[in-house]
Amino acid sequence: MNSRRVVTGTKWALAFGALAATVLVYRSWLHVNPTTVALTLLLLILILATEWGLRYAVTISIAATTCYNFFFLPPVGTFTISDPQNWLALFAFLATAIIASRLSQRARDEAADARSRQRELEMLFRLSRDLLLQSETVTSLLSSAPAAVLGVTAGRSAILYLIQGDRLYQAGTNTLTDIEIPHLRQLASTLPDVRNSGEETLIPLRTGIRPAGLLLLVGVALSPATANAIAGLVSISIDRAQALETVTRSEAAKESERLRSLMIDSITHELRTPLTSIKGAATALLAGGVVQESSHELLTIIDEESDRLNRLVSEAVEMAQLDAQQVQMHFVPVSVRELIMKSRENCAWVQEEHPLRVDVDDELEIRADATVLQKVICNLLENAAKYSKPGAPVTISAERQGANIAISVADRGIGIDPSEQTLIFERFYRARAQTQGISGTGMGLAISRAITEAHGGEIQVTSQPGQGSVFTVSVPASQS
Ligand code: ADP
């Protein structure tokens with residue numbers, strides 16, 4: 001502060017000294033005409049304006065005009081002017097001095113402005129480069145952004161606050177206290193523009209026009225335009241990193257989808273082919289009747305187990321296709337009665353072992369893919385038959401429930417323990433105690449649930465162990 005005052009004082013002394021020296025030299029030794037004096041003084045004023053600014057130039061202009069009048073315009077040695085032309089000369093001198101000073105001051109200001117813009121541009125360029133280098137993931141960008149801002153602005157600390165996720169990232173010497181954080185949170189969504197308070201600069205961050213957060217810089221003096229440009233760069237970098245992550249995620253999802261399809265194809269081919277050969281060989285040997293009694297039993301096991309494996313592979317593939325939404329479904333109005341009759345035909349063995357009652361109104365219609373939904377009804381009918389004693393009745397009914405139609409399959413079978421009633425819909429799950437000796441894969445209900453959900457419906461069970469179960473498939477009714 002003191003040294004600045006000394007510099008200013010020295011400049012004033014030099015300016016007045018130069019004026020005094022010019023007047024002395026021309027007055028005492030060189031005795032030139034007034035025009036030469038005026039031009040020399042003008043030159044001095046222009047040099048002052050260019051080098052030190054308007055303040056010096058205007059003050060010295062007035063002093064020079066006074067000296068010019070006193071020392072060089074007749075009558076010399078007085079402040080009076082005898083010839084009116086000299087009045088004109090004096091005013092022309094003063095006006096020229098001031099206008100020239102202003103022009104050179106403007107040139108000075110513009111040069112300074114251009115220099116500071118260039119500095120700011122360099123700073124923004126360095127910041128954008130640093131942010132770009134760090135923007136591989138949103139996390140790495142966010143944790144390095146405050147340090148990058150600090151690096152280019154040469155401040156003491158930088159704090160980045162993001163509204164989304166209430167996240168705070170800091171770099172530098174100052175850290176926020178627990179009292180300041182809620183204040184920062186509140187400012188993040190309300191601060192309209194850059195705010196300079198003392199050493200601190202608060203800059204709002206935006207995504208489009210939505211407030212996204214706040215950048216707090218300590219120990220940095222920035223113009224509002226530069227501050228906003230920095231905030232803009234930080235916001236854009238965050239948006240860019242987020243967009244990149246989304247693209248990467250969706251590409252990864254596509255790739256996983258592709259691998260899943262490849263796996264489905266390969267399972268189907270690699271497992272089905274040998275299974276078909278095993279099954280074919282076992283069936284041929286059994287049919288040939290040339291095998292011994294002991295081998296016959298083993299061959300029957302091979303025959304049955306290859307059937308079970310075949311079914312398991314088919315169901316696993318079907319489940320994977322449903323998961324990958326590869327099953328094409330065409331939803332059209334379907335008569336519930338017709339759907340149930342078709343399903344009954346598809347698993348005809350059920351009614352050979354159990355009396356089957358159908359209690360469905362003719363006019364009930366749903367929006368469904370009949371071929372796919374038949375599998376669900378068929379699976380429920382088969383389960384009802386499998387898990388109840390031969391001869392136990394099975395009832396299938398349907399009723400309207402609001403915008404849905406609920407189709408229920410009820411049996412008087414072994415029932416399901418309450419703790420397992422949600423688990424049985426998971427893939428490969430088979431209820432523990434009761435299913436021993438009953439063949440199955442544990443996939444039927446998982447597939448049924450996926451199909452029902454694809455229809456925009458749901459599947460539920462109510463059951464009492466030892467009393468029986470009611471499975472209900474609820475799907476949207478047809479609008480027509
Ligand atoms: P799976 O019948 O091939 O084992 P599901 O997925 O169709 O496979 O059924 C899963 C399990 O739910 C069965 O293993 C059985 O324990 C139980 N379950 C299904 N339906 C019934 C039913 N009607 N009565 C009793 N238990 C059932």
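Whatever order the structure lists ligands and atoms in, that order sets their numbers, starting from 1. Computed from heavy atoms alone, side chains included, the values below leave out hydrogens, waters and symmetry copies.
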Ignoring hydrogens and geometry beyond distance, is a side-chain donor-acceptor pair present between [X] and [Y] at under 3.5 Å?
X      : Y      : value
Ser388 : Asp411 : no
Ser223 : Glu120 : yes
Glu51  : Tyr56  : no
Arg357 : Ser397 : no

Quick one: does [X] get within less than 4.0 Å of ligand 1, heavy atoms only?
X      : answer
Gly415 : yes
Lys386 : yes
Tyr429 : yes

Task: Sidechain-backbone polar pair: Ser144 side chain, Leu141 backbone, donor-acceptor under 3.5 Å - done: yes
- [ ] Using atom types as modelled and distance alone, determine if a side-chain donor or acceptor of Arg337 lies under 3.5 Å from a backbone N or O of Val360.
- [x] yes
Task: More than 12 heavy atoms from other groups under 6.0 Å of CZ on Arg126 - done: yes
- [ ] Report yes if some N/O of Ala446 lies less than 3.5 Å from some N/O of ligand 1; otherwise report no.
- [x]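 Such a contact does not occur with ligand 1.
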Open item on the list: Are any of the N/O atoms on Gly442, whether in the backbone or the side chain, positioned under 3.5 angstrom from an N/O atom of ligand 1?
Closed with: yes
At under 4.0 Å between heavy atoms, which part of [X] makes contact with ligand 1: side chain, backbone, both or neither?
X      : answer
Ala431 : both
Leu445 : both
Asp411 : side chain

Per-atom contacts of ligand 1 with [X], taking only distances under 4.0 Å to non-hydrogen atoms:
X      : answer
Gly444 : 5 (P), 6 (O), 7 (O), 8 (O)
Met443 : 6 (O), 8 (O)
Ile424 : 10 (C), 11 (C), 12 (O), 17 (C)

TODO: Applying side-chain contact (heavy atoms from CB on, under 4.5 Å) between Leu191 and each of Leu202, Leu184, Leu205, report the one that passes.
DONE: Leu202
